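Step one of this worksheet: look at the structure below.
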Amino acid sequence: MMFEIEKTRKTRVKICASLLAADFGNLVDSVQAAEDAGCDEIHFDVMDGNFVPNLSFGPQILETVRNVTKLPIEVHMMVKEPGRFIREFSDAGGTLFTIHYEACTDINKTLDKIAKTGMMAGIALKPETSADSILGLLTEVSRILIMTVEPGLGGQQFLVGMLDKISEIKKLVGKIDGNLDIGVDGGIKIDTAQMATEAGANTLISGTGLFNYPDGLSAAVRLMRQNSSTPA
Ligand code: DX5
Ligand code: ZN
């Protein structure tokens with residue numbers, strides 16, 4: 001009986017709304033709608049036209065978002081040498097500053113700089129970057145963000161091949177004494193959220209899967225939560 005209880009115990013997943021899929025003409029409304037729908041966090045994608053081909057938002061827009069929500073905001077830096085902009089995004093109200101492993105020449109130095117601002121730090125991995133590349137960094141960060149598409153664009157298909165990487169990271173995280181988020185970003189919809197959480201993710205970042213859900217944002221959040229079953 002005890003065993004049955006253990007087996008079915010689940011961790012509550014975090015659902016994070018990626019503003020890349022929001023209505024930019026009514027950004028404030030989109031942020032409030034995400035909060036009202038029960039999202040746990042806002043995801044703010046920064047692109048530099050270099051690390052990824054596109055451009056997106058900067059710190060001024062982050063400040064606008066910060067002023068209309070109390071939710072934590074993850075700043076996902078798809079930017080080469082993101083250490084150059086830590087101060088700006090911290091002052092603008094970022095909660096968690098996530099940098100790409102592939103974008104930094106000195107990742108330890110960059111993580112130290114983030115810690116000094118009081119923001120939490122995350123490390124994102126492109127699909128081709130292996131799980132064990134971040135082995136020595138797990139105790140330095142609050143979140144590992146596994147890209148489940150090539151970074152730089154919303155609305156792409158979830159890469160099923162990333163499920164093994166999610167499980168590997170889950171195993172690595174289980175070996176350390178810490179409480180790390182295992183996030184997935186890209187192509188997260190109700191069905192892929194289920195696959196990702198079964199593999200070990202506990203933090204779901206979703207843009208089009210939430211904002212473009214035919215029955216509305218609240219229904220998407222409810223169903224995504226219902227269908228996500230991270231093992232404890
Ligand atoms: C893509 C971004 C994502 C993007 C996800 O590079 O990092 O956060 O908004 O978009 P969807 O959920 O539409 O795949
Ligand atoms: Zn992102």
Side-chain angles (χ1 to χ4, degrees), residues 7-21 34 37-45 71-72 74 76 78 96 98 100-102 120 122-135 138 141-176 178-213 215 217-232:
K7 237 176 43 172
T8 51
R9 200 169 51 149
K10 288 170 187 173
T11 311
R12 185 180 186 276
V13 295
K14 288 184 192 167
I15 297 186
C16 316
S18 175
L19 293 185
L20 210 55
C39 289
D40 300 285
E41 194 175 295
I42 299 295
H43 184 84
F44 190 87
D45 287 301
L71 290 179
E74 177 176 30
H76 176 193
M78 284 165 276
L96 170 71
T98 296
H100 266 267
Y101 176 77
E102 309 84 5
M120 291 183 285
I123 298 182
L125 300 178
K126 288 172 83 171
E128 69 268 25
T129 305
S130 71
D132 53 12
S133 29
I134 42 116
L135 242 185
L138 288 175
V141 296
S142 306
R143 176 172 300 172
I144 301 296
L145 186 63
I146 301 160
M147 292 308 298
T148 40
V149 297
E150 282 302 329
L153 201 65
Q156 302 179 78
Q157 280 264 322
F158 179 83
L159 297 170
V160 181
M162 292 299 105
L163 290 171
D164 284 347
K165 184 149 104 186
I166 299 169
S167 311
E168 277 176 64
I169 302 239
K170 169 83 178 165
K171 269 194 211 123
L172 296 178
V173 168
K175 286 185 191 154
I176 62 155
N179 196 14
L180 279 190
D181 288 342
I182 302 176
V184 281
D185 184 8
I188 298 298
K189 305 214 161 27
I190 289 148
D191 54 346
T192 51
Q194 182 169 4
M195 292 155 75
T197 50
E198 276 166 6
N202 61 9
T203 301
L204 303 166
I205 288 94
S206 177
T208 51
L210 295 179
F211 286 108
N212 295 3
Y213 190 66
D215 296 336
L217 189 51
S218 295
V221 173
R222 186 167 30 85
L223 292 171
M224 203 175 272
R225 213 179 276 296
Q226 256 170 34
N227 282 272
S228 300
S229 56
T230 295

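Throughout, residue positions are numbered sequentially from 1 according to the sequence presented. Bear in mind the structure is a predicted one, so any value in this text is a computation, not a measurement. We use all heavy atoms of the structure for the numbers below, so side chains are in, but hydrogens, waters and symmetry mates are not.
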| message | Is it the case that the side chains of Ser18 and Asp45 hold a donor-acceptor pair, with the cut-off being a distance below 3.5 Å and no angle test? | response | yes
| field | Reported CD1-to-CD1 distance for the pair Ile146 and Ile123, which is rounded to 0.5 angstrom | value | 12.0 Å
| Do Thr129 and Met147 come within less than 4.5 Å of each other through their side chains, counting heavy atoms only? | no
| query | Is a side-chain donor or acceptor of Asp40 paired with a backbone partner of Ile15 at a separation under 3.5 angstrom? | reply | yes
| Under-4.0 Å salt bridge between Lys14 and Glu74 | no
| request: Hey, could you give me the SG/CG distance between Cys16 and Asp181, rounded to the nearest 0.5 Å? | output: 8.0 Å
| Minimal non-hydrogen separation, Lys165 against Pro127, with atom names | NZ-O, 3.2 Å
| Hey, is CD on Gln157 packed in by over 12 heavy atoms from elsewhere, all under 6.0 Å? | no
| When rounded to the nearest 0.5 angstrom, what is the spacing between OG1 in Thr203 and CD1 in Ile144? | 11.0 Å
| Over 12 non-hydrogen atoms of neighbours within 6.0 angstrom of CG in Asn179 | no
| note | Here the pair of heavy atoms bringing Gly200 nearest to Lys170 is O-CD, 3.6 Å
| query | Is Lys175 close to Leu138 at the side-chain level, that is, under 4.5 Å between some pair of heavy atoms? | reply | no
| query | How many angstroms lie between CZ in Arg222 and CG in Leu217, if you round to the nearest 0.5 Å? | reply | 11.5 Å
| Looking at Ile42 and Ala34, what are the two nearest heavy atoms and their distance? | CD1-CB, 4.0 Å
| field | Least distance between heavy atoms, Thr197 atom then Ser228 atom | value | OG1-CA, 3.4 Å
| Contact summary for Cys39 and Leu210, nearest pair of heavy atoms | SG-CD1, 4.1 Å
| query | Can you find a pair of side-chain heavy atoms, one from Asp191 and one from Phe158, that are under 4.5 Å apart? | reply | no
| request: To the nearest 0.5 Å, tell me how far Met162 CE sits from Glu168 CD. | output: 10.0 Å
| Short question: side chain of Gln156, backbone of Gly186 - any donor-acceptor pair under 3.5 Å? | no
| field | Short side-chain donor-acceptor distance under 3.5 Å, Glu102 and His100 | value | yes
| request: Find out whether Leu163 and Ile166 are in side-chain contact, i.e. whether some heavy atom of one side chain is under 4.5 Å from a heavy atom of the other. | output: yes
| Of the non-hydrogen atoms in Ser142 and Met120, which two are nearest, and what is the gap between them? | OG-CB, 3.5 Å
| field | Validation row: Val13, Met224 side chains within 4.5 angstrom (heavy atoms) | value | no
| query | With a 4.5 Å limit on heavy-atom distance, are the side chains of Ile134 and Val141 in contact? | reply | no
| field | Donor-acceptor contact present, side-chain Thr192 to main-chain Gly187, <3.5 Å | value | yes
| query | Between CZ of Arg143 and CG of Asn202, what distance do you get to the nearest 0.5 Å? | reply | 8.0 Å
| Does the side chain of Asp185 reach to within under 4.5 Å of the side chain of Ile188, using non-hydrogen atoms? | no
| request: Taking the side chain as every heavy atom from C-beta outward, state whether His43 and Leu20 have any atom pair closer than 4.5 Å. | output: no
